[in-house]
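I have placed the structure first, in the form of structure tokens, so that the comments after it can refer back to it.
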Number of protein chains: 4
Amino acid sequence: MATKTAPDASRRSERSRRAIYDAALALIGEVGYARTTIEGIAARAGVGKQTIYRWWSSKAEVLLEAFVDLGERNMAAAAEASGVDPAEARALPDTGDLAADLKNVLRATVDELNDPGFEIPYRALAAEGIIDRDLSARVVEQLLEPGLQLYVARLRAAQETGELRADLDPRIALELFLSPIAQRWLQGTGELSHAYADTLVEYALGGLAPR
Amino acid sequence: MATKTAPDASRRSERSRRAIYDAALALIGEVGYARTTIEGIAARAGVGKQTIYRWWSSKAEVLLEAFVDLGERNMAAAAEASGVDPAEARALPDTGDLAADLKNVLRATVDELNDPGFEIPYRALAAEGIIDRDLSARVVEQLLEPGLQLYVARLRAAQETGELRADLDPRIALELFLSPIAQRWLQGTGELSHAYADTLVEYALGGLAPR
Amino acid sequence: MATKTAPDASRRSERSRRAIYDAALALIGEVGYARTTIEGIAARAGVGKQTIYRWWSSKAEVLLEAFVDLGERNMAAAAEASGVDPAEARALPDTGDLAADLKNVLRATVDELNDPGFEIPYRALAAEGIIDRDLSARVVEQLLEPGLQLYVARLRAAQETGELRADLDPRIALELFLSPIAQRWLQGTGELSHAYADTLVEYALGGLAPR
Amino acid sequence: MATKTAPDASRRSERSRRAIYDAALALIGEVGYARTTIEGIAARAGVGKQTIYRWWSSKAEVLLEAFVDLGERNMAAAAEASGVDPAEARALPDTGDLAADLKNVLRATVDELNDPGFEIPYRALAAEGIIDRDLSARVVEQLLEPGLQLYVARLRAAQETGELRADLDPRIALELFLSPIAQRWLQGTGELSHAYADTLVEYALGGLAPR
DNA sequence: GCTTAACCGAGACGGTACGTCCAGTCTTCCA
DNA sequence: TGGAAGACTGGACGTACCGTCTCGGTTAAGC
């Protein structure tokens, strides 16, 4: 039962990998995901098509890895610039005022989602993930989950200080203000503004029923 | 300088339209959206390719219309069976207990989303809509908006009875419990159960902060 | 047992066929048979690859047909120019002197075989035919056989006038002087000159044994 | 400015060479020449591709050498078995009856050409040789010429005994009966039987013209 | 009632990209 | 340093669809 003999990763060309990531992101930005082709990426990267097929199984996988790689490089660069420990740098602020902290972070998220450079590849990934469950799982795990964990940590801290009901499931709680933003961004069902983010935090923390 | 002389809709073949809808939905169910082709739909429907290109501009448009058509027929059938006025049949229940009513409807929504027959084409449409803003707008308008209006109406009623804070924007308020469900379904970030729906209603109505 | 539904020859594009023949012959002349590709022919002819695959099953088939077509056009042109009935124009001369007539024709054959324009595609066809028996049969039938029949006719006439032994099988007899020429041309085992052609005729007619 | 530094033949691996010959002949027999690849030969021989490229410049060269090697081994084995001096063992029989001797040898040749094991690689070589003049020269020189010399010798002997016209060029004379056989085999223009061989000898020796 | 314009099924066409296969080169590690 | 292994660039393969374009045939309006 020979499984096509997997390639030897230790001999992989780093130079080609980089070139493929760069070409993929560039092309997606220029012509969009649907019109970006494996052939085009290979040509732009100065690489044989087989080199792509050898290491990735689909266009979406290339994009995912390129995206993860980009994130890692950005993060490393940011950490270097600020001189702060990367792990800590990512943590959500904790000023003791949960509402203010959440609004701050959500406003930044909204800004990021509205950034065109970020938008095209991320949308493509999201679209592909909706149909390809495997890919979706990897996107969630590698791109989303780390961010969600930061929210969970902040919410738990708030539960300990009594700012938040102690019996809440933080995973579900954070969906009240995060999912609406994701939804609007994905489906374009409404504008994404700072005011909207603020409103969500208020509605979610205060509840919809009168007190 | 004639603009391509639009086809004469009055002479359109109803039989072909039906066959194309049926073929499209069947193929998408059988092989998935990506592997469904215009050519395949035409062959399956016993129709010339040009007949599709004449009336629709993309695969996604065909699917959208097929889907809308399917919904209309289902609804008509349901109305016929129940003997109730269709307009009224769709309205959300109003027992005076908002929480209970919302839970009821959300549970039904969760069940529908978990129905495999519904899932594949709807996912395809959602995925395509993420990239194609025009399509997305039509999906929202034709498939989603009518449902959302029912929620808005119910929430407004609750504001009048004092069950809900009067200063709320109902469009945003309903996102607190609807978006998390949409999100989980689209991205597979968590299970979709009745219990989850109930929890969302409780968190949203009661708020996350302690009273 | 549906056999892929053969294409409808009546709707075939004459313009494409011509362009493909021309491109094929041009490319083979320019870069040789081995480096001529279907893709290259299609590009040069301004034709989709599928149009080639639809009507021919291999590069060799294209070449064969292009070659036959070329022959037919040449012949038609020659007939037109000379104003003679084409059927007659091709017949071998019959001056009553068999040896002289054969030498004349063989010398012309030798000249033709030494013509570079003719050589490359014909060699390619011969080479392919050696391995592909089907192709070989078609080459023999469409390109060689008509010519051989002319020899057979001339030899039969000679048998009737007593210039040739009456008990000979003309098909075998003509091989004595034609095959050596073919052989030398194919395998390059010796020069192809008028003198050589003359010698063959003399040896074959007179026999190798002393009288 | 070193010219690519030719490999040091003295350090060449005999084991690899053998394995490559065996693999090449086996593959050509199994899948035919066109579908035999350098990569396939290397894999089958358990050899690196570079080892083939180092010592041969083309697939045809490998086959030619493998074929020559096979012939040499067969001949050595035959000589060993018969216990006769190899040089003599190959000479054409000379019973004093030229026609009978030639018929004998040609019949054996016909049988050999009809042997399927011999046919496939030899045909491949012939086909390649038609296009590749260099290869053709080597095939003629290494595989054909030795055999032809034996005929030349026999014909010269016949000239001395008066069985053959003294003024003949034996190289051309032998083509009268050998080329038709080669031709029929290569192009499949007719059957290759003992009777055909006999007829050729008779026609060639007696001549086509009546006495 | 007879033309005539349009839709229709069918499918050939010029193209683009697919995913695979090999050529021939280059690099690494082993004996 | 020859050889086994195999990753690399490059390019052709044969296939699948794209969206456009004829080609008869059928069908419904308008004369």
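By convention in this document, chain letters (A, B, ...) are assigned in the order of the sequence lines, proteins followed by strands, and residues within each chain are numbered from 1. Computed from a predicted model, the values in this text were never measured in an experiment.
- Under a cut-off of 6.0 angstrom, the local environment of CZ in A/R15 is sparse, with at most 12 non-hydrogen atoms contributed by other residues, nucleotides or ligands.
- A heavy-atom distance below 4.0 Å to DNA chain E is reached by these residues of residues 13-33 of chain B, ordered by number: B/S13, B/S16.
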Determine whether A/I38 and A/Y53 satisfy the following criterion, side chain to side chain contact (heavy atoms under 4.5 Å, CB included), listing intermediate values before the conclusion.
CA-CA 9 Å; A/I38 299 269; A/Y53 285 110; 3.9 Å; yes
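- Heavy-atom nearest nucleotides on DNA chain E were determined for C/A9 and for A/T36, and the one closer to the 5' end corresponds to C/A9.
- For the pair B/R138 and B/E61, the salt-bridge criterion is met [side-chain N within less than 4.0 Å of a carboxylate O].
- Annotation for A/R12: atom CZ counts as buried by contact number, over 12 foreign heavy atoms lying within 6.0 Å.
- Between the side chain of B/K49 and the backbone N or O of B/A42, no donor-acceptor pair lies under 3.5 Å.
- Listed by chain and number, the residues in a side chain to side chain contact (heavy atoms under 4.5 Å, CB included) with D/E141 amount to none (sequence neighbours excluded).
- Looking at residues 126-135 of chain B, you'll see that no heavy atom sits under 4.0 Å from any atom of DNA chain F.
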Given side chain to side chain contact (heavy atoms under 4.5 Å, CB included), test A/T36 with A/L63 step by step and report yes or no.
CA-CA 11 Å; A/T36 294; A/L63 176 54; over 6 Å; no
Output one line per pair: protein atom, nucleotide atom from nucleotides 26-31 of chain F, and distance, for all N/O pairs under 3.5 Å.
{"residue": "F/dT27", "atom": "O2", "partner": "B/R11", "partner atom": "NH2", "Å": "3.3"}

For D/W55 and D/E65, what are the C-alpha separation, side-chain angles and deciding distance, and is it a side chain to side chain contact (heavy atoms under 4.5 Å, CB included)?
CA-CA 11 Å; D/W55 302 109; D/E65 285 199 16; over 6 Å; no
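- Remark: A/T37 engages A/E39 in a side chain to side chain contact (heavy atoms under 4.5 Å, CB included) (not counting sequence neighbours).
- Distance check: B/L25 CG to B/E30 CD gives 11.0 Å after rounding to the nearest 0.5 Å.
- Checked for salt-bridge contact, B/D22 and B/R44 miss the test: no charged N lies under 4.0 Å from a carboxylate O.
- By the neighbour-count criterion of 12 heavy atoms within 6.0 Å, atom CZ of A/R18 is densely surrounded, having more than that number from other residues, nucleotides or ligands.
- Contacts between residues 37-65 of chain D and DNA chain F, defined by a heavy-atom separation below 4.0 Å, involve D/G46, D/V47, D/G48, D/K49, D/T51, D/R54, D/W55, listed by number.
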